[in-house]
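Below you'll find the structure, written out as structure tokens, and then a few comments.
Because only heavy atoms are used, hydrogens play no part in the values below, and waters and symmetry mates are left out as well, while side chains stay in.
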Amino acid sequence: KQEVTQIPAALSVPEGENLVLNCSFTDSAIYNLQWFRQDPGKGLTSLLLIQSSQREQTSGRLNASLDKSSGRSTLYIAASQPGDSATYLCAVVDAGGTSYGKLTFGQGTILTVHP
Amino acid sequence: DTAVSQTPKYLVTQMGNDKSIKCEQNLGHDTMYWYKQDSKKFLKIMFSYNNKELIINETVPNRFSPKSPDKAHLNLHINSLELGDSAVYFCASSHFVGANEQFFGPGTRLTVL
């Protein structure tokens, strides 16, 4: 059974800092890994999708890496801004079997960027 | 131009009632999902439909019955609501099953009194 863990559970940083969010998963048989952002009381916004054959993806100040063999991904946020404050969720799509196609989520990292 | 929409946004009801949540996507996707986010903010898959056919059912109680009248819609009907059903329910869609980005709706906050 796939399990996804995110560290740290919460992070508070001053504006302008570069930061790293960590995600680990127990079963390396995945199709892809997706990073989401959730603002309080809102839905999920997809940030980056990394296919299992890829090592990283970049979008603006965000960079996500994937090491499938070790079951790890990191989300790097450069030059953080107060508007980056949100909960960041990591999720993987399992490959094969009855779990085909479902997203398994971590519990998220609550990020606060203060001015 | 909303991609994945859900109605209602908030739903407050008494224990024992039956209620439905509707989901529609205008992305032309084949696959749709229902996820539940509990009070601890943990998100878990409930159901997945591909081209109107059920492909994932994550040991959800029989009181929950998804219905997909067409590829663009996946509704969730809940019978005999219980206190523990209180949560935020998210609908999502993807182009097809597997290695595709999933797009989420805004969520429906269900409160059972």
Item to complete: Describe, in one word, how the ring planes of B:Phe104 and B:Tyr35 are oriented to each other, choosing from parallel (under 30°), tilted (30 to 60°) and perpendicular (over 60°).
Response: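 Because their plane-to-plane angle lies in the 30° to 60° range, the rings of B:Phe104 and B:Tyr35 count as tilted.
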Discussion item. Quick check on B:Phe90 against chain A: is it the side chain, the backbone, both or neither that has a heavy atom closer than 4.5 Å?
Written reply: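 The side chain, not the backbone.
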Practice prompt. Dump the intermediate steps for salt bridge (Lys or Arg N to Asp or Glu O under 4.0 Å) on B:Asp38 and B:Lys36, then the final yes or no.
Written response: CA-CA 6 Å; B:Asp38 61 25; B:Lys36 178 180 179 180; over 6 Å; no
Worksheet item: Do you see a donor-acceptor pair shorter than 3.5 Å between the side chains of A:Asn63 and A:Ser65?
Response: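 Side chains of A:Asn63 and A:Ser65: no pair found under 3.5 Å.
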Worksheet item: About how many Å separate CH2 of A:Trp35 and CD1 of A:Ile50, when rounded to the nearest 0.5 Å?
Response: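 With rounding to 0.5 Å, CD1 (A:Ile50) is 9.0 Å from CH2 (A:Trp35).
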Practice prompt. Please flag which part of A:Ile30 lies under 4.5 Å from any non-hydrogen atom of chain B: side chain, backbone, both or neither.
Written response: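 Contact with chain B: none, neither part.
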Worksheet item: With only heavy atoms counted, which part of A:Gln107 is less than 4.5 Å from chain B, the side chain, the backbone, both or neither?
Response: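 Interface part for A:Gln107: both.
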Worksheet item: Is there a side-chain contact between A:Thr104 and A:Asp27 (heavy atoms, below 4.5 Å)?
Response: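 Not in contact.
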Item to complete: Heavy-atom pairs under 4.5 Å with chain A are the metric here; pick the option from B:Lys41, B:Lys44, B:Gln37, B:Arg109 that has the most.
Response: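 Result: the option with the highest number of such pairs is B:Gln37.
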Worksheet item: So which of B:Asn57, B:Ile45, B:Thr31 has the largest heavy-atom pair count under 4.5 angstrom toward chain A?
Response: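 That would be B:Ile45.
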